[in-house]
Amino acid sequence: MLYSEKVMDHFRHPRNVGVLDQADGVGEVGNAKCGDIMKIYLKIDGDTVSDVKFETFGCGSAIASSSMATEMIKGKKLDQVMELTNKAVVEALDGLPAHKLHCSVLAEEAVKAALKDYYDKNGIAYDPSQFPHIDCAGCH
Ligand code: FES
């Protein structure tokens, strides 16, 4: 079977779908080649992600990746959120087909873009090298 049960479950029943009106950080990223777009909303209390929602206009793997990524960062400290990688998302989903790995990259990028937005809005200093532009050229 091409997709794991976890991928199918998160695709059919995505967690944390929606918008946070009072978001502290919003990150929107897209993949120019497939045209898919992912948006992550973070509510941050102190140094903790107290709530997270997402909107993904994209393929099933992108929806499953964003659902899983939101589950992985909810309630976590910001430094743990920074450590989220697309690899960890893929592992939590019990794998993605090789040609779908880039969909999980969108989830990592969107989470980090939302965190960066929070830092920028609040004048919180950070090391810009922690937010590299993830080049998805090899994705397709
Ligand atoms: Fe574009 Fe999956 S095909 S994110």
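Heavy atoms only: backbone and side chains are in, while hydrogens, waters and symmetry mates are out.
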Are the side chain of Asp117 and the backbone N or O of Val26 linked by a donor-acceptor pair below 3.5 Å? yes
Within a strict 4.5 Å, meaning less than it, do heavy atoms of the Ile40 and Thr70 side chains meet? yes
Would you say Leu42 and Tyr118 are hydrophobically clustered, going by side-chain heavy atoms of ILVMFWY under 4.5 Å? yes
Quick one: are Asp51 and Lys74 in side-chain contact, heavy atoms under 4.5 Å? yes
Closest approach of Ala92 to Met72 (non-hydrogen atoms, all atoms of both residues): CB-SD, 3.9 Å
Starting from the C-alpha separation in whole Å, work towards a yes-or-no answer on side chain to side chain contact (heavy atoms under 4.5 Å, CB included) for Phe11 and Tyr3. CA-CA 10 Å; Phe11 168 57; Tyr3 292 103; over 6 Å; no
Which heavy-atom pair separates Met38 from Cys103 by the least distance, and what is that distance? CE-O, 4.1 Å
Side chains of Leu115 and Tyr126 in contact at under 4.5 Å (non-hydrogen atoms): no
When the side chains of residues 54-65 are checked against the rest of the protein, which donor-acceptor pairs come out under 3.5 Å, sequence neighbours left out?
residue, atom, partner, partner atom, Å
Glu55, OE1, Tyr41, OH, 2.8
Thr56, OG1, Ser66, OG, 2.9
Ser65, OG, Ser61, O, 2.8

Restricting to non-hydrogen atoms, name the atom on Val7 and the atom on Gly95 that form the minimum distance, rounded to 0.1 Å. CG2-O, 3.5 Å
Keeping the roles fixed (side chain from Asp24, backbone from Ile44), state whether a donor-acceptor pair exists under 3.5 Å. yes
For Thr85, the side chain to side chain contact (heavy atoms under 4.5 Å, CB included) test, sequence neighbours excluded, returns Lys87, Ala88, Glu108
Which heavy atom of Ile73 sits nearest to which heavy atom of Val49, and what is that distance? O-CB, 3.6 Å
Report whether Val89 and Val111 are members of the same hydrophobic cluster (ILVMFWY, side-chain heavy atoms less than 4.5 Å apart, transitive linking). yes
Can we say Asp21 and Lys53 salt-bridge, meaning some charged N sits less than 4.0 Å from an Asp/Glu carboxylate O? no
Atom of Asn16, atom of Ser67 and distance for their closest heavy-atom approach: ND2-O, 4.5 Å
Same apolar cluster: Met82 and Leu78, side chain cutoff 4.5 Å: yes
Donor-acceptor pair, Asp127 side chain versus Ser129 backbone, under 3.5 Å? yes
Using the rule that Ile, Leu, Val, Met, Phe, Trp and Tyr join whenever any side-chain heavy atoms are under 4.5 Å apart, tell me whether Leu101 and Met8 fall into a single cluster. yes
Determine whether a donor-acceptor pair (N or O, by modelled atom type, separation under 3.5 Å) exists between the side chain of Asp9 and the backbone of Glu5. no
Keeping the roles fixed (side chain from Lys112, backbone from Leu84), state whether a donor-acceptor pair exists under 3.5 Å. yes
How far does CG of Leu106 sit from CD of Glu28, to the nearest 0.5 angstrom? 11.0 Å
Could you give me the CA-CA distance, side-chain angles and deciding distance for Ser4 and Asp94, then say whether side-chain hydrogen bond (donor to acceptor under 3.5 Å, both in side chains) is met? CA-CA 6 Å; Ser4 73; Asp94 290 339; 5.0 Å; no
Min side-chain heavy-atom separation His10-Glu71 under 4.5 Å: yes
Val52, Tyr119: one ILVMFWY side-chain cluster at the under-4.5 Å cut-off? yes
